[in-house]
> 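This is the structure I want to talk about, given as structure tokens.
Quick note: numbers below take in every heavy atom, side chains included, and nothing from hydrogens, waters or symmetry partners. Note that the structure is a prediction, hence the values are computed from the model and not measured. Both counts, for ligands and for their atoms, begin at 1 and track the order of listing.
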Amino acid sequence: MDAIRFNDVTVQYRTRRGGAHTALKNFDLAVRDQEFISLVGPSGCGKSTVLRAAARLIAPTSGSIALEGERTLRGFERVAIVFQRPNLLPWLNVLDNILYPVRVLRRVSQEDRARASALLKMVGLTDASQRAPEELSGGMQQRVAICRALVLNPKILLMDEPFSALDALTREEIQFELRRIHEATRMTTLFVTHSVSEAVLLSDRIAIMSSAVGKAPILCQIELNERSEDVLTTEKFTTYARRVRNGIYGRSDAAVAA
Ligand SMILES: Nc1ncnc2c1ncn2[C@@H]1O[C@H](COP(=O)(O)OP(=O)(O)OP(=O)(O)O)[C@@H](O)[C@H]1O
């Protein structure tokens with residue numbers, strides 16, 4: 001069964017002047033269980049709209065979206081979302097921010113605390129557990145936001161340009177971390193990014209969207225034996241990046257369908 005299935009999805013936004021703007025038209029995509037898939041494409045092509053629709057933050061005008069075969073989002077803790085900004089609660093310390101989604105649902109147990117601590121350890125922030133968000137760097141805050149997303153052990157992770165506000169070095173570091181987390185958890189991940197190299201580094205598949213509304217995305221399978229720093233300079237990596245870029249700009253030598 002597909003983890004996420006977009007079936008003929010059209011999304012229209014209401015404009016201020018009372019008209020309708022079609023952001024997405026007849027969009028189809030099947031995200032496989034456990035895969036890491038990135039959405040790339042020109043600004044305004046509808047990437048965030050796809051993600052918001054999957055998260056049920058907006059309802060499609062027509063068509064349907066099934067998460068693990070279900071059209072209604074029962075047990076919403078199975079799906080987590082990470083945005084560009086970490087949006088941590090300033091009055092809670094790091095550990096309590098991570099535990100916040102648990103607290104919304106039920107009493108926090110000893111197991112929840114242990115899981116939050118394990119997540120903090122995984123992202124190298126054990127020492128920061130009692131600190132306030134404002135005392136952390138942007139990269140540290142985004143790591144905390146990722147821990148918060150993972151605390152309920154979701155089946156599906158939705159990420160909307162989660163690293164675009166970070167400096168280049170921190171971004172690279174956290175990308176490798178995310179890939180390691182994905183390999184450890186095999187959580188189905190739908191990831192929106194503007195960065196072609198980020199998409200190639202992280203993804204099992206890339207869906208290249210077009211600025212022409214209604215045009216089907218081109219799918220590109222990424223097969224890399226390793227996802228470490230060394231891979232960034234390999235010919236294979238740069239070939240994938242070129243293909244994806246060509247797909248975005250509509251040039252020949254576009255991505256191979258997968
Ligand atoms: N709330 C809204 N009301 C009206 N139009 C919107 C709204 N949100 C997005 N749009 C429009 O829908 C289209 C798709 O927007 P979306 O944010 O999904 O694109 P995107 O590919 O994620 O863009 P970017 O790469 O710039 O973040 C754009 O033309 C945008 O202007």
Side-chain angles (χ1 to χ4, degrees), residues 4-31 35-67 73 79-87 138 142 145-146 149 156-168 171 174-175 178 188-203 205-220 222 240-251 254-255:
I4 313 175
R5 177 148 209 122
F6 297 87
N7 200 358
D8 206 19
V9 173
T10 294
V11 175
Q12 289 183 332
Y13 290 108
R14 292 245 151 268
T15 60
R16 288 198 177 192
R17 274 183 256 139
H21 175 82
T22 305
L24 207 63
K25 198 173 165 199
N26 307 124
F27 181 81
D28 288 310
L29 182 68
V31 179
E35 89 170 323
F36 194 119
I37 189 164
S38 290
L39 297 176
V40 299
S43 181
C45 70
K47 303 180 290 295
S48 294
T49 300
V50 171
L51 202 101
R52 288 199 290 259
R56 307 292 202 245
L57 296 174
I58 52 171
T61 313
S62 63
S64 63
I65 302 159
L67 297 166
L73 200 51
V79 180
I81 182 159
V82 177
F83 296 99
Q84 186 178 343
R85 307 225 161 271
N87 299 320
Q142 199 56 314
I146 293 172
I156 295 173
L157 183 59
L158 305 170
M159 304 183 95
D160 195 356
E161 295 182 47
F163 307 145
S164 56
L166 304 179
D167 67 86
R171 184 170 186 159
I174 205 167
Q175 284 167 354
L178 179 63
T188 305
T189 307
L190 179 59
F191 188 91
V192 169
T193 181
H194 279 117
S195 161
V196 169
S197 59
E198 182 167 273
V200 174
L201 177 71
L202 290 173
S203 311
R205 274 195 308 158
I206 299 178
I208 306 166
M209 294 175 66
S210 161
S211 53
V213 179
K215 193 159 179 236
I218 303 169
L219 295 168
C220 182
I222 306 293
Y240 276 133
R242 194 185 58 238
R243 275 195 205 155
V244 172
R245 222 166 255 125
N246 285 347
I248 294 173
Y249 296 118
R251 292 193 289 249

> Enumerate the protein residues lying less than 4.0 Å from ligand 1, judged by heavy-atom distances, in chain and residue-number order.
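Those residues closer than 4.0 Å to ligand 1 by some heavy atom are Y13, H21, A23, P42, S43, G44, C45, G46, K47, S48, T49, R52, E161, H194.
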
> Who pairs with T49 by side-chain contact (heavy atoms from CB on, under 4.5 Å), at least two apart in sequence or on another chain?
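Only V11, Y13, A23, L24, R52, I58 meet the side-chain contact (heavy atoms from CB on, under 4.5 Å) criterion with T49.
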
> Considering residues at least two apart in sequence or located in another chain, which fulfil the ring-ring contact (aromatic ring centres under 6.0 Å, His included) criterion with F6?
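Expected list: F27.
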
> Before accepting this row, confirm whether a basic side-chain N of the pair E198/R171 lies closer than 4.0 Å to the acidic partner's carboxylate O.
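So E198 pairs with R171 through a salt bridge.
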
> With sequence neighbours left out, write down each residue that passes side-chain contact (heavy atoms from CB on, under 4.5 Å) with A212, or none if nothing qualifies.
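With sequence neighbours excluded, A212 shows a side-chain contact (heavy atoms from CB on, under 4.5 Å) to S210, K215, given in chain and number order.
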
> For the side chain to side chain contact (heavy atoms under 4.5 Å, CB included) test, which of V9, I4, L219 pairs with L29?
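Option passing the side chain to side chain contact (heavy atoms under 4.5 Å, CB included) with L29: L219.
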
> Minimum heavy-atom separation for R14 and A20, please, with both atom names.
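Result for this residue pair: NH1-CB, 4.1 Å.
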
